[in-house]
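A short worksheet on the structure shown next.
Convention: sequence-line order gives letters A, B, ...; per-chain numbering from 1.
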2 protein chains.
Amino acid sequence: MSTIRDVAKEAGVSVATVSRVLNNSGYVNEDTRKRVMDAIEKLNYKPNAVARSLFKKQSKMIGLIVPDITNPFFPQLARAVEDVTKQAGYTLVLCNSDNQIDKEQEYIEVLKQKYIDGFIIVTSTLKQEHIEGLGVPIVALDRAIDDSTPYVGVDNYEGAKMATRFLLNKGCKKIAHVRGSIGILTADERCRGYIDELQNLSLFNPELIVNGDFQIQKTKQAMIELLTIYPDIDGVFAGNDIMAIGVLKAAEEVGKKIPEQLSVIGFDGIALSEITTPELTTMSQPIYEIGSTAAKMLLGIIEEKPLPKSTYTFPVRLVERKSTR
Amino acid sequence: MSTIRDVAKEAGVSVATVSRVLNNSGYVNEDTRKRVMDAIEKLNYKPNAVARSLFKKQSKMIGLIVPDITNPFFPQLARAVEDVTKQAGYTLVLCNSDNQIDKEQEYIEVLKQKYIDGFIIVTSTLKQEHIEGLGVPIVALDRAIDDSTPYVGVDNYEGAKMATRFLLNKGCKKIAHVRGSIGILTADERCRGYIDELQNLSLFNPELIVNGDFQIQKTKQAMIELLTIYPDIDGVFAGNDIMAIGVLKAAEEVGKKIPEQLSVIGFDGIALSEITTPELTTMSQPIYEIGSTAAKMLLGIIEEKPLPKSTYTFPVRLVERKSTR
DNA sequence: TTGTAAGCGTTATCAG
DNA sequence: CTGATAACGCTTACAA
């Protein structure tokens, strides 16, 4: 590996001049520029990013913290983020937090020591107090942190209302809800939307809500029980597509036909929702767009461009497939 | 942010001493060590990883290059790799190559400039010539590169033979194969296993192989055609679980009952294989173990521990579910 | 046992 | 337009 010094020597100039052509900053004579370029070429010189980082206090890296990349919602987000950051010359560091605040904080600490340029975080545990005075830009993805930190996500509340209303319009009389883990913002909001939509019509019954914790098996068990106690349930709004699959499994187990006897609608619109039998009706999020928007936003902040908006709330779209009649 | 110099001043010692306690290298008096520790505590000092990198020519980062994190096989691998590297104090950089050699090479180049400590790569395009003299350790994951570079994966050939044999044992008389993209090592090996198993019994007919390119839709179309031409096909070995799902969809479309009229077996054992209806019989890989083994291996190389083995070929395990009779 | 000082490879300031 | 040179924050000979 050759250094800037080698290039300078080869070209017969000073390192300062080489640096100038490298960053094309300041004046440099066209001839000498050529000589430098030739030397760079000849030595196959690549600038050392670490040395550059040390001086500039920035690393051209951004950190993405998600609960668990294994959850099918996140790879699409990660891909979107990686696409736009790579495009802009940044490198993506992947972090799995398992929804644990200490892991989140550890990642942040470690990466700050590497002069990370910014974070995109999906978190339910980090609050304003944890990130104020951080000194590194953050954008919250999927779940808002507080009003003062930039955020990109969807309108979970409205989406949940739409889903519930859709079931109502389909003629469902008794609609249950499998909610995601308590304390996860998106799960809470979706549950609230479901409740509010039914409460208006005095159709709400708290017994019809079960907790699926975003897991297939747990949802399946809970739904089997629920469907046994209330065999007249004719619609289920699941807090996400994973849990909707659990509902499908439960229905199969207790011998309920979908969609004839039971309509189920999910939330997220992950790729999985198209491969079930029957294919899942769901409230679809523009996942890739959300991820890429968050990434563009973060890059904007890092590069100190003026931010047009500090919050993007995308609408959610009903995709009607085969699990609702 | 305070520097080592601040700590030194605070503790009334030289920076060298602080560095010594930081890395506990060399001798340092117990009292002065305590003074230094107190100063570190008081100033909440964190060493700057970039400066350290510059000197040591290593970054405590490892790069994971996969074709596309959005493909459900890779998140589990990524998770495993992240778990073990994080545990060892390393940070994971995620790279999506889309199977394009130029992207792979670009990532390698960029990360080398950051003193990346090693790579774990899933590639079908990188050959020995591209990586020799790289100067950074590599381990090949899922797909071998050449005999001289460490590799972790499964025995695709044997797995494919097992899958085919299983179908045979179930009484299938006419077994088709949907293969993955040509040129992808795993797809080629699995196809070869299928062919060899049947050829022994002179049951092989090249017309029964179609290319699904690892995609659901493409597989579905191809299988619909194939099932129309050869309605007596009674078994399908799909090159991976994704394509097996395509087969399921095709069967539904042409009105073939699974498993009564058609048995299908997949490969990989990704989480998805449990959520289809019927649930998929598949040749399951120990995905997490493969990922973690590759990561441990790479760390071993980086830390110059003697390598017990330079190749790990895990066996693949038949998981019988509902898509085969 | 501790301190001094020379790097590590860049960038940017300031003269010239 | 170009060149010295002082940082950036840390580690490690080498001295003391």
Residue pair [X] / [Y], side-chain heavy-atom distance below 4.5 Å:
{"X": "V50(B)", "Y": "V50(A)", "value": "yes"}
{"X": "F73(B)", "Y": "I287(B)", "value": "yes"}
{"X": "M297(B)", "Y": "Y312(B)", "value": "yes"}
{"X": "F119(B)", "Y": "I62(B)", "value": "no"}
{"X": "E10(B)", "Y": "L43(B)", "value": "yes"}

Using a cut-off of strictly less than 4.0 Å between a heavy atom of the residue and any atom of DNA chain C, enumerate the qualifying residues of residues 24-38 of chain A by number. none

Would you call E109(B) and K46(A) a salt bridge, using N to O less than 4.0 angstrom?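 No salt bridge links E109(B) with K46(A).
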
Would you mind telling me which of I69(A), N96(A), V93(A) makes a side chain to side chain contact (heavy atoms under 4.5 Å, CB included) with E82(B)? N96(A)

The helix from dT1(C)-dA16(D) to dG16(C)-dC1(D): angle between end helix axes, five pairs per end, rounded to 10 degrees: 50°

Holding to side-chain contact (heavy atoms from CB on, under 4.5 Å), I want the full list of residues that pass it with F55(A), two or more places apart in sequence or in another chain. none

Under 3.5 Å, which protein N or O atoms sit close to an N or O of nucleotides 7-11 of chain C? Give each pair with its distance.
{"from": "dC8(C)", "atom 1": "O3'", "to": "K57(B)", "atom 2": "NZ", "distance (Å)": "3.0"}
{"from": "dG9(C)", "atom 1": "OP1", "to": "K57(B)", "atom 2": "NZ", "distance (Å)": "2.9"}
{"from": "dG9(C)", "atom 1": "N2", "to": "A51(A)", "atom 2": "O", "distance (Å)": "3.4"}
{"from": "dT10(C)", "atom 1": "OP1", "to": "Y45(A)", "atom 2": "OH", "distance (Å)": "2.7"}
{"from": "dT10(C)", "atom 1": "OP1", "to": "N48(A)", "atom 2": "N", "distance (Å)": "3.0"}
{"from": "dT10(C)", "atom 1": "OP2", "to": "I4(A)", "atom 2": "N", "distance (Å)": "2.6"}
{"from": "dT10(C)", "atom 1": "O5'", "to": "Y45(A)", "atom 2": "OH", "distance (Å)": "3.2"}
{"from": "dT11(C)", "atom 1": "OP1", "to": "N23(A)", "atom 2": "OD1", "distance (Å)": "3.1"}
{"from": "dT11(C)", "atom 1": "OP1", "to": "N23(A)", "atom 2": "ND2", "distance (Å)": "3.3"}
{"from": "dT11(C)", "atom 1": "OP1", "to": "R52(A)", "atom 2": "NE", "distance (Å)": "2.7"}
{"from": "dT11(C)", "atom 1": "OP1", "to": "R52(A)", "atom 2": "NH2", "distance (Å)": "2.9"}
{"from": "dT11(C)", "atom 1": "OP2", "to": "S19(A)", "atom 2": "OG", "distance (Å)": "2.8"}
{"from": "dT11(C)", "atom 1": "OP2", "to": "N23(A)", "atom 2": "ND2", "distance (Å)": "3.4"}

Distance test, side-chain N/O of T17(B) to OP1/OP2 of dG3(C), below 4.0 Å: yes

Is it true that atom [atom1] of [X] has more than 12 heavy atoms of other residues, nucleotides or ligands lying nearer than 6.0 Å?
{"X": "K127(B)", "atom1": "NZ", "answer": "yes"}
{"X": "Q100(A)", "atom1": "CD", "answer": "yes"}
{"X": "K9(B)", "atom1": "NZ", "answer": "no"}

Which residues share a salt bridge (charged side-chain N to carboxylate O under 4.0 Å, His left out) with D98(B), sequence neighbours left out: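 R79(A), K103(B).
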
First-last contacting nucleotides on DNA chain D - partner chain B, under 4.0 angstrom, heavy atom: dG9(D) to dA13(D)

